[in-house]
Amino acid sequence: MSDDRMNIAGYDYGRVARSPVTLDDLHRLEQTMGFGEADRRALLEAGEILGPQAEAMVDGWRTIIGAHEHLARWFFGPDGKPDDAYKASVKRRFVRWVVDLCSRPFDQAWLDYQHEIGLRHTPAKKNATDAAHTAAHVPLRYVLAFSVPVIQSAKERLAQAGISGDRLERMSAAWAKAVILTLTLWSEPYTREGLW
Ligand code: HEM
């Protein structure tokens, strides 16, 4: 990919440890949620619209986070104020995630990076990428609950771009499945050994 968004500090796609989740586990999860080839195609189509709007989407999510102290605090430094350098660095990777989710094949490299993102929300790796000093983890309950605005906003943007009817349903359902699939993978490092 020649995209200049590949040069993002701390964006280590293709350079992280192997996920403990296997490709077989991933395929069983895809089957569980009914994610198939039609979803893959719909996601690629959605990416053509959402990709160029990825930064605006992340700005919208950040506005929600910033409006709630119980969410914003996970970006606060030891002085109890937002760590702006950390926020800016994480944001670039978050924007890239929107593009990746729509366009990357769900292969070993993708699976490995999902595990890494999960770890980066937990004490194992939060702050490490940016040498930040914010709270040690983001509670899993907020990561899961935040899927609602992340799923809803994509549908709204697709509709605003003029997509409607069955096409809108297909594209937004594929996005929703992909988001839930990633969060399911990110939950693994939060769970006690053997319970995931
Ligand atoms: C659907 C829910 C969520 C998605 C899709 C998401 C996505 C992401 C992505 C893509 C990254 C960057 C990963 C990388 O380094 O490449 C990230 C990091 C981060 N996210 Fe989330 N996130 C979600 C929920 C939340 C919530 C609810 C919070 C807190 C309010 C949060 C706080 C953070 C923080 C603090 C980091 C930086 C972690 C680090 O130190 O590396 N996230 N998130």
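Computation of the quantities below employed the complete heavy-atom set of this structure, encompassing side-chain atoms and omitting hydrogens, waters and symmetry-equivalent molecules. Ligands are counted one by one from 1 in listed order, and the atoms in each one are counted from 1 as well.
- Taken from CG in D59 to CD1 in I64, the straight-line distance is 11.5 Å, to the nearest 0.5 Å.
- Considering backbone and side-chain N/O atoms, Y142 never comes within less than 3.5 Å of an N/O atom of ligand 1.
- With rounding to the nearest 0.5 angstrom, the CE atom of M171 is 5.0 Å from the CZ atom of R167.
- For the residue pair S19 / D112, no side-chain donor-acceptor distance below 3.5 Å is found, with atom types taken as modelled.
- Within a radius of less than 2.8 Å around atom 21 (Fe) of ligand 1, the protein N, O or S atoms are H121 NE2.
- Distances between N or O atoms of W97 and those of ligand 1 include no value under 3.5 Å.
- In this structure, the salt bridge (Lys or Arg N to Asp or Glu O under 4.0 Å) partners of K125, at least two apart in sequence or on a different chain, are E116.
- Residue S147 approaches ligand 1 through these ligand atoms, each under 4.0 Å from one of its heavy atoms: 1 (C).
- Using modelled atom types and a 3.5 Å distance limit, the side chains of T134 and N127 yield a donor-acceptor pair.
- For atom 33 (C) of ligand 1, the choice among F75, Y86, W186 with the nearest heavy atom turns out to be F75.
- Remark: minimum distance from atom 14 (C) of ligand 1 to any protein heavy atom is reached at R93 NE, 3.3 Å.
- For the pair R93 and Y13, the cation-pi criterion (under 6.0 Å, within 45° of the ring axis) is not fulfilled.
- At a threshold of 4.5 Å between side-chain heavy atoms, the hydrophobic network of Ile, Leu, Val, Met, Phe, Trp and Tyr places V148 and V138 in two separate groups.
- Annotation: side chain to side chain contact (heavy atoms under 4.5 Å, CB included) contacts of F94 (sequence neighbours excluded): V58, W61, W97.
- Scored by the side chain to side chain contact (heavy atoms under 4.5 Å, CB included) test, E193 finds no partners at all (sequence neighbours excluded).
- Ring geometry, Y113 versus Y11: the interplanar angle exceeds 60°, so the pair is classed perpendicular (tilted spans 30 to 60°).
- The proximity of F76 to ligand 1, defined as any non-hydrogen pair under 4.0 Å, does not occur for either the backbone or the side chain.
- Near W74, meaning under 4.0 Å from one of its heavy atoms, ligand 1 places the atoms 29 (C), 30 (C), 35 (C).
- Of all atoms in ligand 1, numbered sequentially from 1 with element shown, those under 4.0 Å from a heavy atom of V150 are 1 (C).
- Residue Y11 does not touch ligand 1, judged by heavy-atom distances below 4.0 Å.
- The backbone N or O of F76 lies less than 3.5 Å from no partner atom in the side chain of K81, so there is not a single donor-acceptor pair.
- Residue contact check: N127 has heavy atoms under 4.0 Å from atoms 39 (C), 40 (O) of ligand 1.
- Among all protein heavy atoms, the one lying closest to atom 30 (C) of ligand 1 is L71 O, 3.1 Å.
- Within the listing of ligand 1, atoms 14 (C), 15 (O), 16 (O) sit less than 4.0 angstrom from a heavy atom of Y113.
- Other residues, nucleotides and ligands place no more than 12 heavy atoms under 6.0 Å from the CD atom of E37.
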